[in-house]
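Computed from a prediction, not measured in an experiment: that's the story for all the values here.
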Amino acid sequence: FVRVVNASDSWIAAINTTKTIIMVFGYFFWSNLQGHKGSKPVLLLSTFGVALYPILVGVSINVWTILLLAVVLGIFQSGLDLVFFEELMKTIPVAYSPTFVSFAQSIQFLSSIIAPFLASFIADNFGLSYALILAGIIQFTGFILFASQYFHLPISRHKKNIQWVSKVFY
């Protein structure tokens, strides 16, 4: 997005610093909400907010808008950071937790290597806005999966899938 809105180095620093500062305050907000409502609503709301960020940045043409969106991202990212791993660990049997943690960390590590190359390829060939919107759609899919578990929708059959993954890698 830096190239599209012609953001200077100062703007890039302002966007990242703003997001980080807001995340600090966001942890207090989400911790309080988690204490009152539990971690599942926090996970659901924060996943939804984080998924909106790349979509909204993808359609933004103004650096001020992106700075405002960084504030929103900071709020929601802190909620996701706070409860994601905790909720993930609640869904797997204790006997499989070491295997699952290693598998989850490996997938996260691989995606952090592959994603920048894939994103650059998509942005170079189809445009940066398309790449950001696609990233948001992928993240929104994660939100839908969390929502299906939270609201007990039929697409939520995660326990069988997790047991299968655990058996393969255990």
Remaining members of the apolar cluster that contains Leu110, side-chain heavy atoms under 4.5 Å = none

Residues forming a side-chain contact (heavy atoms from CB on, under 4.5 Å) with Val101, sequence neighbours excluded = Phe85, Met89, Gln105

Can Val83 be reached from Phe151 by stepping across I, L, V, M, F, W or Y side chains whose heavy atoms are under 4.5 Å apart?
-> yes

I would like to know whether Phe140 and Phe143 meet ring-ring contact (aromatic ring centres under 6.0 Å, His included); could you show each step before the answer?
-> CA-CA 5 Å; Phe140 195 72; Phe143 161 74; 5.3 Å; yes

After noting the C-alpha distance and the side-chain angles of Lys37 and Val42, does the key distance pass the side chain to side chain contact (heavy atoms under 4.5 Å, CB included) rule?
-> CA-CA 8 Å; Lys37 300 288 185 183; Val42 172; 5.9 Å; no

Nearest atoms (heavy-atom pairs only) where Pro116 meets Ser112 = CD-O, 3.3 Å

CD1 on Ile137 to CD1 on Ile144, rounded to 0.5 Å = 10.0 Å

Taking all atoms of both residues into account, what is the closest heavy-atom pair of Gly58 and Ser129, and its distance?
-> O-OG, 2.7 Å

Rounded to the nearest 0.5 Å, how far apart are OG of Ser78 and CZ of Phe25?
-> 11.5 Å

What's the shortest heavy-atom distance between Phe76 and Ser46, and which atoms?
-> O-CB, 3.2 Å

Which other residues end up in the same hydrophobic cluster as Ile55, if Ile, Leu, Val, Met, Phe, Trp and Tyr are linked when side-chain heavy atoms come under 4.5 Å apart?
-> none

Could you tell me whether the side chain of Asn32 and the main chain of Phe28 form a donor-acceptor pair under 3.5 Å?
-> no

Closest non-hydrogen atom pair, Pro54 against Gly136 | CG-CA, 3.5 Å

With the 4.5 Å side-chain cut-off for hydrophobic clustering, are Leu132 and Val71 part of the same group?
-> yes

Gap between atom CG of Leu45 and atom CG of Leu33 - 0.5 Å precision | 7.0 Å

What one should report as the nearest heavy-atom pair of Thr18 and Ala14 is OG1-O, 2.6 Å

Taken to the nearest 0.5 Å, the spacing of Lys40 NZ from Glu86 CD works out to 11.0 Å

Could you go through residues 60-70 and list every donor-acceptor pair under 3.5 Å that involves a side-chain atom there, pairing it with any protein atom two or more places apart or in another chain?
| from | atom 1 | to | atom 2 | distance (Å) |
| --- | --- | --- | --- | --- |
| Ser60 | OG | Leu56 | O | 2.6 |
| Asn62 | OD1 | Trp64 | N | 2.6 |

Grab the two heavy atoms, one from Thr47 and one from Gln139, that are nearest each other, plus how far apart they are.
-> CG2-O, 4.5 Å

Short question: side chain of Ser120, backbone of Phe117 - any donor-acceptor pair under 3.5 Å?
-> no

Set of side-chain contact (heavy atoms from CB on, under 4.5 Å) partners for Thr17, sequence neighbours left out = Ile21

Residues passing the side-chain contact (heavy atoms from CB on, under 4.5 Å) test with Phe84, sequence neighbours excluded, are Leu43, Leu80, Leu88, Phe146

Hits for ring-ring contact (aromatic ring centres under 6.0 Å, His included) against Tyr130, two or more places apart or cross-chain, chain-then-number order -> Phe126

Is it possible for you to say whether Ile75 and Leu52 belong to one hydrophobic cluster, with membership spreading through side-chain heavy-atom contacts below 4.5 Å?
-> yes

Out of curiosity, does Leu134 fall in the hydrophobic cluster containing Val57 (side-chain heavy atoms, cut-off under 4.5 Å, transitive links)?
-> no

For Ser39, all residues meeting side chain to side chain donor-acceptor pair (under 3.5 Å), sequence neighbours excluded = Glu87, Lys90

Going from CG on Leu145 to OG1 on Thr141, what distance comes out if it is rounded to the nearest 0.5 angstrom?
-> 7.0 Å

Would you please name every residue forming a side-chain contact (heavy atoms from CB on, under 4.5 Å) with Asp81, sequence neighbours left out?
-> Met23, Tyr27, Gln77

